[in-house]
There are 2 protein chains.
Amino acid sequence: MTGPDTATGRSLAKASRRSSLLAEAARLFAQHGYNGVSIEDLGAASGISGPAVYRHFAGKAAVLGALLVGVSRDLLEGGRAVAADGGTPGTVLARLVDFHADFALSHPDVIRIQDRDMDSLSPGDAAEVRRLQRAYIDVWADQLRGLHPGEDRAAARFRAQAVFGLLNSTPHSTHRADADPAARRERLVRMAVAALSAPVG
Amino acid sequence: MTGPDTATGRSLAKASRRSSLLAEAARLFAQHGYNGVSIEDLGAASGISGPAVYRHFAGKAAVLGALLVGVSRDLLEGGRAVAADGGTPGTVLARLVDFHADFALSHPDVIRIQDRDMDSLSPGDAAEVRRLQRAYIDVWADQLRGLHPGEDRAAARFRAQAVFGLLNSTPHSTHRADADPAARRERLVRMAVAALSAPVG
DNA sequence: AAATGACGTTAGTGTCCATTAACTGAATTG
DNA sequence: CAATTCAGTTAATGGACACTAACGTCATTT
């Protein structure tokens with residue numbers, strides 16, 4: 001009598017083990033930092049022990065790489081989908097804010113890991129993540145160029161990064177007795193839109 | 001013939017060595033992360049080697065503690081001074097934004113360390129830093145309660161933290177060929193004020 | 001049903017690194 | 001000027017930990 005997870009064969013069991021490892025890694029890295037988590041901890045969280053992790057990832061840095069390349073890809077893909085739906089720069093930016101806020105609020109762990117443990121990545125993964133992040137910023141910057149015709153590309157990118165800082169601040173917030181998540185989200189979105197629309201002077 | 005630094009006696013030499021260690025630690029921790037810097041690196045950056053650091057600090061964590069308690073104290077002190085000057089909530093908040101933007105732009109290293117290596121602090125230092133940070137947030141929240149009478153204290157704190165995320169985003173920005181720092185600062189301040197003032201809807 | 005190979009196990013192994021030990025030489029002090 | 005303090009040195013020491021080796025076991029394959 002095999003368990004329900006293994007009922008579908010070895011390759012499926014492996015896939016589920018791998019995603020369990022990634023999910024636990026996200027939780028542990030967010031809580032203790034990449035350097036505060038050992039390979040042993042990582043395996044134990046998924047019910048296997050230490051070296052077995054190497055059957056799924058080439059090393060500890062590869063686990064971090066899979067997480068961060070994944071989140072960067074998801075953000076870029078989602079952002080491009082939003083932009084592809086068209087509309088005025090103002091409405092596209094509003095939808096980008098909605099998308100990003102949803103993402104940050106539903107995946108606070110990876111957000112935290114991304115702006116904390118970026119440079120524990122292997123050189124190759126780091127380059128890939130930077131490339132994806134630049135492309136995502138440019139999705140925003142393209143719309144911002146339309147909203148603020150007087151500002152150059154560097155200014156638009158700067159604005160986008162500042163708003164990411166605002167939207168990504170929630171993982172750092174204390175969350176004690178998280179009173180009203182919907183109101184929190186609404187407030188965050190309003191502030192982001194206001195910052196994006198603020199005239200330069 | 002003693003060098004100019006040591007001409008004034010041993011205790012002054014010690015004080016200058018200590019501040020050199022702190023300055024180099026800020027630079028190194030910001031660049032490589034707390035765990036990416038060894039005690040040996042730390043000493044070498046100030047011209048002494050490894051274990052000599054223990055003549056100035058109880059341990060590696062104590063160096064980080066001195067840095068982060070220092071920055072938290074400076075922020076709280078500066079924020080309180082701004083608030084003590086009085087004015088309407090709107091004008092006080094504008095001055096708080098100016099103050100914080102200046103701080104973040106002139107000390108990007110410690111800002112980066114603060115929201116990255118917080119939990120490598122000793123328990124005691126961590127508690128102290130959290131206490132100072134809460135007090136600083138409350139300086140902002142007090143003014144925000146005046147600006148948005150309809151929002152409760154938690155909402156005001158949340159707003160403050162989101163704006164810190166925005167203002168503290170500059171250390172993460174790429175800074176390549178830093179075109180116009182003054183314009184950058186101005187844009188940051190405008191966005192922060194807009195986010196602080198945004199009506200909740 | 002044998003052969004294969006993937007996934008897991010427990011023991012190393014080597015390295016890095018924070019901290020301590022033992023000692024030295026100069027500045028301070030009485 | 002002798003005694004002491006103190007910032008510095010180099011040489012252990014001890015632990016954490018990423019990764020490798022050697023081996024077992026069971027599902028898949030032929």
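Summarising the geometry, atom CZ belonging to A:R130 is positioned 11.5 Å from atom CG belonging to A:L132; distances are rounded to the nearest 0.5 Å. Within the model, atoms CZ of A:R184 and CZ of B:R159 stand 13.5 Å from one another, a figure rounded to the nearest 0.5 Å. For the atom pair CD (B:E40) and OG (B:S49), the distance works out to 3.5 Å, reported to the nearest 0.5 Å. Taking CG from B:D125 and CE from B:M118, the interatomic distance works out to 11.0 Å, rounded to the nearest 0.5 Å.
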So which protein nitrogen or oxygen atoms get under 3.5 Å of nucleotides 23-25 of chain D's nitrogens or oxygens?
none

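Rounded to whole Å, the distance from NE2 on A:H56 to P on D:dA18 is 17 Å. Between the CD1 atom of A:I48 and the C1' atom of C:dA6 there is a distance of 13 Å, given to the nearest Å. We find that NZ of B:K60 is positioned 8 Å from C1' of C:dA18, with the value rounded to whole Å. Across the protein-nucleic acid pair, A:Y54 atom OH and D:dT20 atom P stand 7 Å apart, rounded to whole Å. D:dT28 atom C1' lies 14 Å from atom CG of A:L12, rounded to whole Å.
Side chains of B:D117 and B:R112 form no contact here, defined as non-hydrogen atoms less than 4.5 Å apart.
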How does each nucleotide of nucleotides 10-15 of chain C score, in 5' to 3' order, for protein heavy atoms under 4.0 Å: base (B), sugar-phosphate only (S), or none (-)? BB----
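Partner B:R157 forms a salt bridge (Lys or Arg N to Asp or Glu O under 4.0 Å) with one of B:D142, B:D152, B:D138 and no other, that one being B:D138.
For residues 51-70 of chain A, the set of pairs meeting the ring pair (Phe, Tyr, Trp, His ring centres under 6.0 Å) definition, not counting sequence neighbours, is empty.
By the ring-ring contact (aromatic ring centres under 6.0 Å, His included) test, A:H107 pairs with A:F103, sequence neighbours left out. B:A52 meets the side-chain contact (heavy atoms from CB on, under 4.5 Å) test with B:I48; sequence neighbours excluded.
In terms of phosphate contacts, A:R17 brings a side-chain nitrogen or oxygen within less than 4.0 Å of OP1 or OP2 of C:dG8. Regarding contacts with the backbone of C:dC7, a side-chain N or O of A:K14 is found under 4.0 angstrom from either OP1 or OP2.
Nearest heavy-atom pair, A:V92 versus A:V82, reported as atom, atom and distance to 0.1 Å: O-CG1, 4.0 Å.
Within 4.0 Å (heavy atoms only), A:G50 reaches no atom of the nucleic acid at all.
At a threshold of 4.0 Å, the pair A:R73-A:E77 does not count as salt-bridged, since none of the basic side-chain nitrogens sits closer than that to a carboxylate oxygen.
A heavy-atom distance below 4.0 Å to DNA chain D is reached by these residues of residues 32-46 of chain A, ordered by number: A:V37, A:S38, A:I39.
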